[in-house]
There are 2 protein chains.
Amino acid sequence: MAVKTNLTPLPGACAACAVRPFALFRVVPQARVGEIARVRSAVRLVRSGEAIRDTVFTLYAGWAFSWTTTPDGRRQILDFHLPGDLVERSEDGAEVSALTDASFCVLAKDRLCEFMGRDPGLAMSYADGLVRDRARLRERLTSLGRRDAMGRVAHLLLELHTRLSHRGGADRSGAPLPLKQAHLADALGLSVEHANRALAALRRDGVAALQKGRLDILDRPAMEDLAGWSSAPAVPVLTSLKA
Amino acid sequence: MAVKTNLTPLPGACAACAVRPFALFRVVPQARVGEIARVRSAVRLVRSGEAIRDTVFTLYAGWAFSWTTTPDGRRQILDFHLPGDLVERSEDGAEVSALTDASFCVLAKDRLCEFMGRDPGLAMSYADGLVRDRARLRERLTSLGRRDAMGRVAHLLLELHTRLSHRGGADRSGAPLPLKQAHLADALGLSVEHANRALAALRRDGVAALQKGRLDILDRPAMEDLAGWSSAPAVPVLTSLKA
DNA sequence: CGAGTTGTTGATAGTACTCAACTTGCGTGG
DNA sequence: CCACGCAAGTTGAGTACTATCAACAACTCG
């Protein structure tokens, strides 16, 4: 075939948006979806690995990730983004790249601010996403600070599995997971080789296996134990009135 | 003397609040400070090391920090809180403790939510704080993932110096810093001994010295270099319309 | 002047990194 | 249909950084 077939769906009408229940605009009643469309300034499709230069967008399909590099050129992945996530590309040196082929809705910063200024519920929905981002970063910080390689890998895999579950993208025994080992390593502060060894150990011990773009959870209790997993799900304090 | 003299000031009237320019309520015009007072449900004083059980509060004087423990009992400090910071104690297992003697204003969660629901500017001010929290956590994550001990220490010291500067609590050559080495270690994922050695190395090399509750920056360029310091100050994307 | 906390130092053991091959899987092109 | 060329995944050996354990010094407070 001449052109690679595009299997990644483009976002369509906001009124019928499949990811809206998980997204910033989940709080906007159906009667007012029209206002959402005016905030959307573009719809885009990117290939796996491509950088995303838009400042604010809602991921519609595919995965993305935010990252920085240290002056000596090593990469630190700061967060992974799943469909429905609101992503901001700030000017502090962090970049955003597509991890898989992906599509997203670009939001006009000024119109979004205006909308939030008019609708406090939307502002709180935005804050709610920030609180979740923060909770995730805190967990990851604890991983990098206090867990060994196997624990870090197990914890990240559990986190991603949980996030996917909430969107219906996973079943109890596993989920599709497009991460390369290099992504794991760069997110967890490990070398690729060491991440590989940790992953191999998890597989060897019958705990979990990440292969061919799929995660299989083989022994959930053992995995939670290794990861120091806290089942407490970090409920937002101030934004919980909504939703 | 019978009773230890209390040198930590208690918060007074909101209208004359010294930390309000840096705090959540900075966006409330002077004419409406009365509404702030109705959100404040109590004023408290805690001693260094004490746990804080209130869910939402604005630190007025002194330092605090948020932390968790892993199942094997090691502590990870998630963030340090300075006067003016809004602090939320979520139910995800994280705790908040006073690092020095400290005082703060307890906020009534429901009344604060109601206020934010009525005043989108306030909600955006809240979001702005969350964005800053996130940026700080991202920097720290990069430290733990990709910097060695000296780099981590140097980076954290620079971060705290910067935050203090913004509040007028530091001059160019240094600042008062009440951290123990154990705090540094637990924030940076190091053992106390290793944090000590890193600190000693910074002192030996004439880069920076942390002693007797005070940080002295001896060679700022060298310190920034060690820390992989990015001068770019992480400007909020969506909340920048305010302030 | 003790007693406990905080800071310092040394020796030793681990964990994770680096470097260097080598293997596998897969798409392109001959 | 198979060879080639990469990208991703593995494996091994040697090294570096950091943790742990154990004292000990310095400082603070009562």
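- Looking at heavy-atom distances under 4.0 Å, B/Ala149 makes contact with sugar-phosphate atoms alone, never a base.
- C/dT8 atom P lies 7 Å from atom CG of B/Leu199, rounded to whole Å.
- Spacing between atom CZ of A/Arg47 and atom P of D/dA7 amounts to 18 Å, rounded to whole angstrom units.
- One interatomic measurement links the two molecules: CD of A/Glu193 to P of C/dC22, which rounds to 16 Å at whole-angstrom precision.
- Closest to the side chain of B/Arg74, from the set C/dA16, D/dT20, D/dG9, is D/dT20.
- In the set D/dG12, D/dT10, C/dG7, D/dT10 carries the atom at the smallest distance from any side-chain atom of A/Asn196.
- Distances from the side chain of A/Gln181 to the nucleotides D/dG9, C/dA16, D/dA13 place D/dG9 closest.
- Within the 3.5 Å criterion, the main-chain N or O of A/Leu141 finds no donor-acceptor partner in the side chain of B/Arg140.
- Proximity of B/Arg203 to the phosphate of C/dT8: a side-chain N or O atom is located under 4.0 Å from OP1 or OP2.
- Between B/Arg204 and C/dT9, a side-chain N or O to OP1/OP2 separation shorter than 4.0 Å is absent.
- Heavy-atom distances to DNA chain D give each of B/Ser191 and B/Lys212 a nearest nucleotide, and the one nearer the 5′ end belongs to B/Ser191.
- Of all nucleotides listed (C/dA16, C/dC19, D/dT18), C/dA16 comes nearest to the side chain of A/Leu190.
- Residue B/His194 places its side chain closer to D/dA19 than to any other of D/dA19, D/dC21, C/dC17.
- Computed from coordinates, the B/Leu188 CG to D/dC17 P distance equals 18 Å when rounded to whole Å.
- Taking the centre of each ring, A/His166 and A/Phe22 stay at or above the 6.0 Å mark.
- Aromatic ring orientation, B/His155 versus B/Trp229: tilted (interplanar angle from 30° to 60°).
- Residue A/Leu99 contributes atom CG, which lies 15 Å from atom C1' of D/dA7 at whole-angstrom precision.
- Place A/Val192 and B/Arg147 on DNA chain D by their nearest nucleotides, and A/Val192 ends up nearer the 5' end.
- Contacts of A/Gly213 with the nucleic acid, taken as non-hydrogen atoms under 4.0 Å apart, are absent.
- For A/Asp148, counting side-chain heavy atoms from C-beta on, the closest listed nucleotide (D/dA19, C/dT6, C/dA16) is C/dA16.
- If you measure from atom CZ of A/Arg146 to atom C1' of C/dA16, you get 16 Å, rounded to the nearest angstrom.
- Heavy-atom neighbours of A/Arg53 CZ from other residues, nucleotides or ligands within 6.0 Å: at or below the threshold of 12.
- Residue B/Arg214 contributes atom CZ, which lies 20 Å from atom C1' of C/dG7 at whole-angstrom precision.
- For the residue pair B/Thr142/B/Arg146, the side-chain donor-acceptor check at 3.5 Å is not satisfied.
- At least one donor-acceptor pair under 3.5 Å links the side chain of B/Thr100 to the backbone N or O of B/Trp63.
- Summarising the geometry, the separation between CG on A/Leu184 and C1' on D/dT10 is reported as 15 Å, rounded to the nearest angstrom.
- Comparing C/dA20, D/dA8, D/dA22 against the side chain of A/Lys180 picks out D/dA8 as the nearest.
- The side chain of A/Arg197 lies closest to D/dT11, out of D/dT18, D/dT11, D/dT20.
- No engagement by A/Gly49 is indicated, since no non-hydrogen atom pair under 4.0 Å with the nucleic acid exists.
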